[in-house]
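Reviewing the structure listed below.
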There are 2 protein chains.
Amino acid sequence: MATIKDVAARAGVALGTASRVLSGSSQTSADSRARVLAAVAELGYIANGPARSLRRARTDVLGLLVSDIRNPFFSELAHAAEQEARRHGYTVLLANANEDAEQADEYLRTFAAQRIDGLLFSPQSTVSPQVAATLASGLPVVFLNRTIEGVGAPLYGTDNAQGVQQVLAWLQRRGHRDVAFIGGPDSISTGAERRAAYLAGRQAHGISTDDRLLDAGDFLAGGAAEAMSRILDRGVTFTAVFGANGLTTLGAVRALRDRLGAEQAARIEVVSFDDLDWFEFASPPISAVRNDASSIGRLGVRGLVDLIAGRAALGQRVPTTFADRSAQDVR
Amino acid sequence: MATIKDVAARAGVALGTASRVLSGSSQTSADSRARVLAAVAELGYIANGPARSLRRARTDVLGLLVSDIRNPFFSELAHAAEQEARRHGYTVLLANANEDAEQADEYLRTFAAQRIDGLLFSPQSTVSPQVAATLASGLPVVFLNRTIEGVGAPLYGTDNAQGVQQVLAWLQRRGHRDVAFIGGPDSISTGAERRAAYLAGRQAHGISTDDRLLDAGDFLAGGAAEAMSRILDRGVTFTAVFGANGLTTLGAVRALRDRLGAEQAARIEVVSFDDLDWFEFASPPISAVRNDASSIGRLGVRGLVDLIAGRAALGQRVPTTFADRSAQDVR
DNA sequence: CCTCCTTACGGAAACGTTTCCATGGCTGGA
DNA sequence: TCCAGCCATGGAAACGTTTCCGTAAGGAGG
């Protein structure tokens, strides 16, 4: 592979001059510039990233650590983050924690070894020593959608309160009073926030909530199905189900079908925090809060870039919209 | 940030000895080993990856270039690839081509600059100069699911012929003779293979195919909906639709609904290459070929690791399974 | 007891950049 | 015409590793 030394030799200039043409682009004559660029083209020279990173003490790489890239929310977010990062001259190194604190730790170590310039982080519930070390190391960090209490990094995430308000308003319009709520882990900030907003909102509307209609899963389909099942076991009646994230809703719908049969299950209206593209095809269609994963990814990268540049980043709550699919078959 | 020099000083050994303990771990006494490891722990030393990469002329990074990470097939594949790579001591750098040849080129350049050790590649249709240069550079490459004609890199991908056979068998069981086929771009190898297998299979079954029932989109929902629309415009009757990939099926279903209304659309059975997790909830449920993205990702990484180690890699066709969801409501 | 071999270690070179410093030539003003 | 100043350039140091080479110490064998 050609090095800058080869380029310089071919262009008939000193190594330093070649470097100035390629990076600094200052202090160079038009003549040497032309000759260096010609040499680059002839040799197909591509600068050695590691060498450059070593010398400049920066890598132009951002780390993105999410819990599961297979979750459509995160894959959309990752896509948007990557596009935005590219526009700022950064490459994104993606890591999957697999909802597993140990893997998250391992990746944080890998990121540290790679000397990433900044971290986009959607944390687990627990604060491990490695997480603490990362946050203490002075590395620029922004949180995406989930945060850790008491850490001074900005959060870019869904406006959970607004989304839950939209659900509550919809429930009221549709005349649902007895609603089963399947939440997520309280240890994840979004789980706690959505549950709190739901209960507070009901109270504000002056509706009491039967505790037997509340349960929580793990934000995955399996745990949500079990939670739904437990509610059914309690023998309380309800006319609607509210799933606190996309996979939770999927699990709930599955459990309803399995337990009640398709016909009975179709009598229960379902509403979801997170919109999945098949909700329009469910019967009846599932209404949902759409949270804007793309904007979150984009804004998160912008915030991180600001942080790296030494500017302040304040974090932002991204507004939600509501996809009301119930109008098509008013009861 | 602590360097290996600091570690050596604190351990009271020479820099070279510290390095030997940390990497080679050969030719070191138990005493200095213990002291170096203690110093590492005390200082929280994490080796500088770029410096190491520069010296060793390898990065332990694999590049993964897919067309769109939001496609569930690729996000599952990426997840599996990442897990497998980690087990072999590699990190994965993920790039999204966005089904755009120019972006793919740009990422290939970035990969080259990063000096990745190997490339997992799900190529676009066109062979750009940059792609050619990459393939010619001697970088170990494996193709994932899509290939480029005449390139000597192994392919790890779905067994398209088998999957299509499963669809044809199902169509026959269900008694469908007039089937609309929505394919993908012929320029993408999977598009061409699935179409060819479908037509050949029908012929083998002795069923003629009305050309007006064949059309193709772009493997995205939008293009597929347009293709479906064109078929409807031709006024030919059909009792089933076969979508050549997941998003194609989504687009087709959408177009059927929009054009015919939900009720009429439900009379047409849909079958898909690629299974999406909502197909079970569609009405009627959509049967589908499941292709094993995880295995493809895993096997691809293993093949690439073999290639990097100088061993041969042969490529592999991963078998499909078929999710028959029609039994639930036999007509 | 001496010599030879092994083994651990210290020192230094090398990887490919960027950037600092010094030098030489040229321009412009007095 | 001379001098001050600027600009482009060459040369070299530095980034943090790994690895090569030489050497000293220690053990074994004669």
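Chain naming here is simple, since letters A, B, ... match the order of the sequence lines and numbering starts at 1 in each.
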Between [X] and [Y], does any side-chain N to carboxylate O distance fall below 4.0 Å?
{"X": "B/Glu193", "Y": "B/Arg146", "value": "no"}
{"X": "A/Arg10", "Y": "A/Asp6", "value": "no"}
{"X": "A/Arg33", "Y": "A/Asp31", "value": "no"}

- Task: Answer yes or no: is there a side-chain heavy-atom contact under 4.5 Å between A/Leu94 and B/Val92?
- Result: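 No, every pair of side-chain atoms sits at 4.5 Å or beyond.
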- Message: Taking any heavy-atom pair under 4.0 Å as a contact, classify A/Ser53: base, sugar-phosphate, or nothing.
- Response: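 Since no nucleic acid heavy atom lies under 4.0 Å of A/Ser53, the category is nothing.
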- Can you tell me if the side-chain N/O atoms of B/Ser29 get under 4.0 Å from OP1 or OP2 in C/dC9?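 Yes, within the criterion.
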- Estimated bend of the helix from C/dC1-D/dG30 to C/dA30-D/dT1 (axis per five terminal pairs, rounded to 10 degrees): 40°
- Would you give a per-nucleotide map of nucleotides 15-21 of chain D, 5' to 3', where B means the base has a protein non-hydrogen atom under 4.0 Å away, S means only the sugar-phosphate does, and - means neither? BBBBBB-
Distances under 3.5 Å between nitrogen or oxygen atoms of protein and nucleotides 26-28 of chain D:
none

Please table the atom pairs, donor to acceptor, closer than 3.5 Å between any side-chain atom in residues 301-308 of chain B and protein atoms at least two apart or in another chain.
{"unit_1": "B/Arg302", "atom_1": "NE", "unit_2": "B/Glu84", "atom_2": "OE2", "d": "3.0"}
{"unit_1": "B/Asp306", "atom_1": "OD1", "unit_2": "B/Arg311", "atom_2": "NE", "d": "3.0"}
{"unit_1": "B/Asp306", "atom_1": "OD1", "unit_2": "B/Arg311", "atom_2": "NH2", "d": "2.8"}

- Note on the structure: Across all chains, not counting sequence neighbours, the side chain to side chain contact (heavy atoms under 4.5 Å, CB included) partners of A/Glu106 are B/Arg86
- With A/Ser53, which residues qualify under side chain to side chain contact (heavy atoms under 4.5 Å, CB included), at least two apart?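 Scan of A/Ser53 (side chain to side chain contact (heavy atoms under 4.5 Å, CB included), adjacent residues dropped) gives A/Thr59, B/Pro50.
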- Query: Does any donor atom in the side chain of A/Ser29 or A/Ser32 lie under 3.5 Å from an acceptor atom in the other side chain?
  - Reply: yes
- Message: Set out, in order, the CA-CA distance, both residues' side-chain angles and the distance that settles side-chain contact (heavy atoms from CB on, under 4.5 Å) for B/Arg298 and B/Gln83, then state yes or no.
- Response: CA-CA 8 Å; B/Arg298 204 159 37 236; B/Gln83 296 286 314; over 6 Å; no
- Query: Could you go step by step and tell me if B/Gln114 and A/Ile46 meet the side-chain contact (heavy atoms from CB on, under 4.5 Å) rule?
  - Reply: CA-CA 9 Å; B/Gln114 297 274 352; A/Ile46 297 183; over 6 Å; no
